[in-house]
Amino acid sequence: NPKLSRHAPTSLFSAVKTATIKTSHYHIYQSFPKRCATLTPMASSGQSSVGAKFDEFEPDQTFTNDDLKPTTPSQRNFHWREMASLWIGLVVGIPSYYMAGSLVDLGMAWWQGIATVVVANMILLVPLVLTGHPGTKYGISFPVLARSCFGIRGAHVPTLLRALVGCGWYGIESWIGGEAIFLLLPNSIKQSSFSQLLPWLGTSPLEFACFIAFWSVQLAVVWKGMEGIRDLEKYSAPILIILTSILLIWAYVKANGLGHMLSLSSRLSSPEFWSLFFPSLTANISFWATIALNIPDFTRFAKTQRDQIIGQAGLPIFMGAFTFVGLAVTSSTTVIFGQVISNPIQLLGRIGGFTTTILAILGISLATITTNIAANVVAPANALVNLSPSLFTFRRGALLTALLGIAFQPWRLLKSSESFVYTWLVGYSALLGPIGGIVLADYYLIHQTDLSIKDLYSSSPGGAYYYCGGFNLAATAGLAFGILPVIPGFLQKVGILSSVSDVFVVIYNNAWFFSFFSAGLLYWILASLRGKQNKSLPSDPLLPTKS
């Protein structure tokens, strides 16, 4: 990575003016022999000066905008308390509650459900902290980090896969908000002909209309920008904690104590439990696997590595505590109503009462809008802007995200606990697992945490992350190797294939683990072999040697 002086010509080109050297830089690279990944990434000089040094070179405008630039020291204002508050706001929500209740609905006892959730989040905490490290060290977001392993153009593949999952979650959260509107309607309307199920649609016209209404409200908020939402988000978490505590107290009183609340024992035999445990573990890991990928989008604002590590260390505790509330309340519904009600929207509808309805609408709407826009709109919209800055603006990206959320038909995903756990959560873990494995293998094993900030924003064929035409074939092969074996099990789960081999069933039930380790291992092997080949090539006479 030659760094030419602005004031004096180099000794190699002593007869040529500096301006001529600058304009000929691209042609010099073009004269090199065509090959992939011949340059070693340049080590960073320190996390606090990355943002300041970014302006010392001219990045390619095709790969740069204000959102993609490294954060400056003044922008790094996240202490560990802010990181912890971020996770509290994400954890306390309807999908987390529904996930906990689904475990009881599938036959687990309350303590088995809590143990499954806590173990899953302790496992997930490892890639969360590891993936957050480059965000804090270099101030870069996930789309920029992905360029180091997938290539400056190949990075579009993992970011768009992450965006696709975000679109699905946007639909799910919007459906939950629509159910809250449906809950507010008078019984006379809910019992009309418009509430009758349409088989081709999969839901009733009235529920679909409520979904579209809430979908439109969120879109209107996104259209106005994120400034107002940022102020609203920091107040949503404590309000939700208060409302959750009220629900827990209600269940305690109605069920006459914790003994009745936690009386629902396991309906599973030992073999049945273990056959449910591993896909449930995978589903719980997949629950936050989306954030585990793009966590650099948040840790890039952390002051130090200590802040991002301590701030995220509370995730298993937060999830365990909220899971306890969800499972305790779900278990109490057996005593109170004579049946398990895992969906909090349906539970609030059964409780009834004007005050309950108003509190339910307030809490659910607040949680859904703040969480949904931050977690499921910003990342897909930015991925689309990163894909084509000339075609997409943030508004256009957000609109396409919202439309794809409808196409996912979230009412079908949430129609049963099995479809939510086995089809949605386990299914998309096969897409996110291999990406996470490749990113970590590249950053820690191949580059050993040293990245070239300059080359992350360069389209020069001589750049460290240009690879082959901007695509890293080793990462592409690893991604395909992690995803393809999971597809037969997924097709069998959704009903396209009638039966598959037991091997594919086991792989699908452990999709995240299989895809994460298999893709990461293959990428490490291929990248290491490529590195040995590159070392055996003769050095270019125009490249400076390492001192």
Drop me the distance from [X]'s [atom1] to [Y]'s [atom2], to the nearest 0.5 angstrom.
X: Ser148; Y: Ile438; atom1: OG; atom2: CD1; value: 11.0 Å
X: Phe337; Y: Arg350; atom1: CZ; atom2: CZ; value: 5.5 Å
X: Leu161; Y: Ile483; atom1: CG; atom2: CD1; value: 6.0 Å

Does a donor on one side chain and an acceptor on the other come within less than 3.5 Å for [X] and [Y]?
X: Ser275; Y: Glu272; value: no
X: Gln218; Y: Ser174; value: yes
X: Thr282; Y: Asn509; value: no
X: Tyr428; Y: Trp512; value: no

Determine whether a donor-acceptor pair (N or O, by modelled atom type, separation under 3.5 Å) exists between the side chain of [X] and the backbone of [Y].
X: Asn472; Y: Gly151; value: no
X: Arg412; Y: Leu201; value: yes
X: Ser204; Y: Leu197; value: no
X: Trp524; Y: Leu445; value: no
X: Ser195; Y: Leu206; value: no
X: Thr203; Y: Phe208; value: no
X: Arg153; Y: Phe471; value: no
X: Glu179; Y: Ile176; value: no
X: Arg162; Y: Thr290; value: yes
X: Gln112; Y: Ala109; value: yes

Would you check if the distance from the ring center of [X] to the ring center of [Y] is below 6.0 Å?
X: His447; Y: Tyr465; result: yes
X: Tyr443; Y: His133; result: yes
X: Phe324; Y: Trp111; result: no
X: Phe318; Y: Trp87; result: no

- Note, Ser96 side chain near Thr323 side chain (heavy atom, < 4.5 Å): no

- Message: Parallel, tilted or perpendicular: which one describes the rings of Phe490 and Tyr508, with boundaries at 30° and 60°?
- Response: tilted

- Task: Anything under 30° is parallel, anything over 60° is perpendicular, the rest tilted; go ahead and classify Trp411 against Trp175.
- Result: tilted

- Query: Applying the side-chain contact (heavy atoms from CB on, under 4.5 Å) test to Asn121, which of Val118, Val117, Leu125, Val119 qualifies?
  - Reply: Val117

